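Structure, as structure tokens:
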Protein chains: 2
Amino acid sequence: MAKPKSQAIQARRIRPTIHDVAKAAGVSIATVSRALNSPDSVRKELRERVVAAADSMDYMADSVGKALRRQRTQIISTMLPRLADPLFSAVASAIQETLEENGYLGFVQTSGFDNTNLFDRAKRLIEHGTEGLIIFGRIDDQRLLDYCRAHQLPLLSAYSYFEKAEVPTIGFDNYLATRQLVEMLHTLGHSRIAMISGSDKGNDRQQSRIRAFRDINAELGQEPVIEFTHMDFDMADGGAALRRIMENHPETTALVCNRCVIAFSVMVEARRLGIAVPEHLSLTGFDDIDYAALFDPSLTTVAVPSEKIGRAAAKAMIAHLETGAPLGSRRFETEVILRRSVARPRATA
Amino acid sequence: MAKPKSQAIQARRIRPTIHDVAKAAGVSIATVSRALNSPDSVRKELRERVVAAADSMDYMADSVGKALRRQRTQIISTMLPRLADPLFSAVASAIQETLEENGYLGFVQTSGFDNTNLFDRAKRLIEHGTEGLIIFGRIDDQRLLDYCRAHQLPLLSAYSYFEKAEVPTIGFDNYLATRQLVEMLHTLGHSRIAMISGSDKGNDRQQSRIRAFRDINAELGQEPVIEFTHMDFDMADGGAALRRIMENHPETTALVCNRCVIAFSVMVEARRLGIAVPEHLSLTGFDDIDYAALFDPSLTTVAVPSEKIGRAAAKAMIAHLETGAPLGSRRFETEVILRRSVARPRATA
DNA sequence: TCGTAGTTTGTAAACGTTTACTGTTCTTAA
DNA sequence: TTAAGAACAGTAAACGTTTACAAACTACGA
């Protein structure tokens, strides 16, 4: 009789297995598994012996073995542009919490602001057993779309909402939100409105906001005034953009900044230039980060229901995995938060 | 001969396995594995056939099977108080990026601001094959410490640095940083300094800062003036604390706020009360979030090298896992960023 | 032509689980 | 006392990999 070949692997991790528990409790591994997973199916006395043995050695069933057998990992991964950004991290945080509450776990990976090459970055997530993928923003990588379709990997686009998208989207509509904001300014009497945007390259949020602004201007028969500004992390140089606008379009009475940080830096520069906000120039930001209320003057912005979006995205994905309910799109409302940085336009000549 | 019992499992995920590739290429699964993992060990012709077959069906080796066999998951998990907080998310982001660059993947879980009951929350991370655990702040859960020691699970405390800690710590020293800051104010001539802190319950950062402040006051033979303020997410109500201090200790010439958001809210209230910053009252924050420079007056704070800390923590853990190098502690320097919110004290009567 | 060494491929075991099936023991009614 | 059925426990297969070992083939020198 050939003695069994031994292929012992040096264990990195000294963790008791179900075999250790079985031996300690004097039962088979099947009984251990049942005692822990469906306690009713094993006699009280044995069950207690098993539980005692398991507790005494801090036994935790290894999810890797479990995942292999069950063909379920309970892992849902998220890709987002940048984690160190209050806009996104609020949503990501809500996702992670919702996952945890429902027995799932999530990988988080940053994608940068370019969604065209997602597949390669998502690969490792998929390899590691990701059952569902939540991606912030519009997904521009055809390979990823094809892969997910071919292999039935549920894919959800979160944060931004799109009227027509290749995959279900859960989020808010940047186009609509910007329209709301600009129309509010119109209602107040502003007719000369300029926009300062961050780079719109690969950034669906800026793209939608710009498109909304252009559309409104077109409807009014005006030439849109848009300046771009470099944004680095949480800093933006809105100052230079402000100077360009003031020089080339001094008739401007309201300035729509596509991110709060842009508005903040514009405010600093305005103060330096002696431009009174809001008396001479009304100013708005976007995404109502908490600091917006603390600036002087406090900043008018669009509030985004980040937490709701995150929870909804995670819940939708979980429901899909567990009940097969189809992944649907969902649009969340934004709200214009009117603060002191906006007033009626100054009297123009 | 008994026909093999079939225990087919309904596959959730339609992903090709190594068997599919083997069949398509007309080789054994061992050859597929070798062709993909150590290409030199298989004949060119076969290798190409295998690679072609694998590519044609988007084959990715399943990390679950791989992890089970290799006894390595390459997963390093992080627990941090709150993800939607620029302080922490900057560090977490650096960790995730470093992990990814080195072939690892990371779970992220929030712990809230209480580190006494970590074990239960960490359980799922451990079950899922976490090879190393990075936890923000001081670890107060003895069960977790015991478990990690008993089962050789590498544990690292990041963000805060502690002179003497049960586990290796990588971060900055809140005690020292606060001393630096207060001593700088002293050097400028301030002798009546008050502190506004967030809750110190289960929060080692606030605790260290308060301790430093008490120590300095003790050395000067002064009674420390400390007010606490409620902090909710990124908002703080420093206003009430400011009023209490101005009422009970009108001689105060400098105010040390233990978080930037506290300082921001204090600034707002000071303006309302007509207290000039910095002419009447100097003001400091902590952790140099980007907005600090944009406020008016710009805020003096302590800059924390978040990204360096995150990268160092991730790298240390990876090195430990791969080379067995012992996990060591490391202290990063902070820097006082002097801005306009601080000036010499007003002339006192 | 043969033996030998080197190269390449296949077979099967192992990683830690869950669970279908089978076998054993216990209970209960005739 | 015995048969039948219920309740419980154990055996073994399976999930997708990697890899030790064995087997087969190749090249080459004598």
Side-chain angles (χ1 to χ4, degrees), chain A residues 2-23 25-50 54 57 59-74 126-129, chain B residues 2-23 25-50 54 57 59-74 126-129:
Chain A
K3 82 172 208 283
K5 312 172 192 183
S6 168
Q7 287 190 30
I9 296 174
Q10 90 293 15
R12 148 166 315 283
R13 168 190 67 164
I14 321 292
R15 258 177 72 182
T17 74
I18 199 171
H19 289 92
D20 301 321
V21 178
K23 197 183 295 176
V27 298
S28 74
I29 59 166
T31 300
V32 174
S33 178
R34 278 188 292 249
L36 299 176
N37 294 316
S38 47
D40 293 340
S41 67
V42 22
R43 194 157 39 96
K44 182 162 174 267
E45 184 218 332
L46 272 199
R47 191 197 322 142
E48 286 170 355
R49 236 160 66 203
V50 168
M57 58 180 77
Y59 172 72
M60 295 182 206
D62 177 19
S63 293
V64 174
K66 196 181 282 212
L68 186 56
R69 165 68 209 206
R70 286 204 174 142
Q71 293 296 86
R72 291 283 327 263
T73 58
Q74 312 223 103
I126 299 172
E127 282 174 359
H128 268 78
Chain B
K3 81 172 208 285
K5 311 172 190 180
S6 167
Q7 287 190 30
I9 295 175
Q10 90 291 14
R12 148 167 314 284
R13 159 193 73 162
I14 322 291
R15 259 176 72 183
T17 73
I18 198 170
H19 290 93
D20 300 321
V21 179
K23 197 182 295 177
V27 298
S28 75
I29 59 167
T31 301
V32 174
S33 177
R34 278 188 292 252
L36 299 176
N37 295 315
S38 47
D40 293 340
S41 67
V42 20
R43 195 157 40 95
K44 181 159 175 271
E45 183 218 333
L46 272 199
R47 193 197 323 143
E48 286 170 352
R49 236 163 63 206
V50 169
M57 58 181 76
Y59 172 72
M60 295 184 207
D62 177 17
S63 293
V64 174
K66 195 182 282 215
L68 186 57
R69 162 69 209 202
R70 286 203 174 144
Q71 293 295 86
R72 291 283 328 262
T73 57
Q74 312 225 99
I126 299 173
E127 283 173 358
H128 269 78

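A quick note: this is a predicted structure, and the numbers were derived from the prediction, not measured. We name chains A, B, ... by the order of the sequence lines, and we start the count at 1 in each one.
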Practice item. Using whole Å, report how far CZ of R43(B) lies from P of dG6(C). Key: 20 Å
Review point. With a 4.5 Å heavy-atom cut-off, do V32(A) and V27(A) have their side chains touching?
Key: yes
Check your understanding: With sugar-phosphate meaning primed atoms plus P, OP1 and OP2, does S28(B) contact a base, only sugar-phosphate, or nothing at under 4.0 Å between heavy atoms?
Key -> base
Point to revise | Sugar-phosphate, base or nothing in reach of T31(B), heavy atoms under 4.0 Å | key: sugar-phosphate
Review point. Can you check the I29(A) CD1 to dA20(C) C1' distance for me, whole Å?
Key: 14 Å
Practice item. Respond yes when some side-chain nitrogen or oxygen of K66(B) is under 4.0 Å from OP1 or OP2 of dG16(D), and no when none is. Key: no
Review point. Within the structure shown, what part of the strands sits under 4.0 Å from A30(B) by heavy-atom distance: base, sugar-phosphate, or nothing?
Key: base
**Study point:** Out of dG16(C), dT17(D), dT19(C), whichever nucleotide has its closest atom nearest the side chain of A61(B)
**Key:** dT17(D)
Point to revise | Base of dG10(D) paired with side chain of R34(A) (donor-acceptor, under 3.5 Å) | key: yes
Point to revise | I18(A) CD1 - dG16(C) P separation (whole Å) | key: 11 Å
Exercise for review: Assign S33(B) to base, sugar-phosphate, or nothing according to its heavy-atom contacts below 4.0 angstrom with the strands shown.
Suggested key: base
Check your understanding: L68(A) has a side chain; which of dT18(C), dG10(D), dC15(D) sits nearest to it?
Key -> dC15(D)
Point to revise | Side chain T73(B), main chain A67(B), donor-acceptor under 3.5 Å | key: no
**Study point:** Candidate nucleotides dT17(D), dT11(D), dG16(C), ranked by approach to the side chain of Y59(B) - the nearest
**Key:** dT17(D)
**Study point:** Nucleotide dT17(C), atom P - distance to CZ of R15(A) in whole Å
**Key:** 7 Å
Practice item. For residues R49(A) and G26(A), report the shortest heavy-atom separation together with the two atoms involved. Key: NH2-O, 3.7 Å
Review point. Atom CD of Q71(B) to atom P of dT19(D): distance rounded to whole Å?
Key: 12 Å
Exercise for review: Using atom CG of L46(A) as one end and atom C1' of dT25(C) as the other, report the distance to the nearest whole Å.
Suggested key: 12 Å
**Study point:** Side-chain donor/acceptor of R69(B) to base of dT18(D), under 3.5 Å
**Key:** yes
**Study point:** Considering all heavy atoms, the nearest V42(A)-A35(A) contact
**Key:** CG1-CA, 3.4 Å
Exercise for review: Could you tell me the separation between the CG atom of D20(A) and the P atom of dG16(C), rounded to a whole number of Å?
Suggested key: 8 Å
Exercise for review: Starting from the 5' end of DNA chain C, give me the residue, D40(B) or P16(A), whose nearest nucleotide shows up first.
Suggested key: D40(B)
Point to revise | Closest contact, heavy atoms only, V50(A) versus V21(A) | key: O-CG1, 4.0 Å
**Study point:** Whole-Å gap separating C1' (dC15(C)) and CD (Q74(B))
**Key:** 16 Å
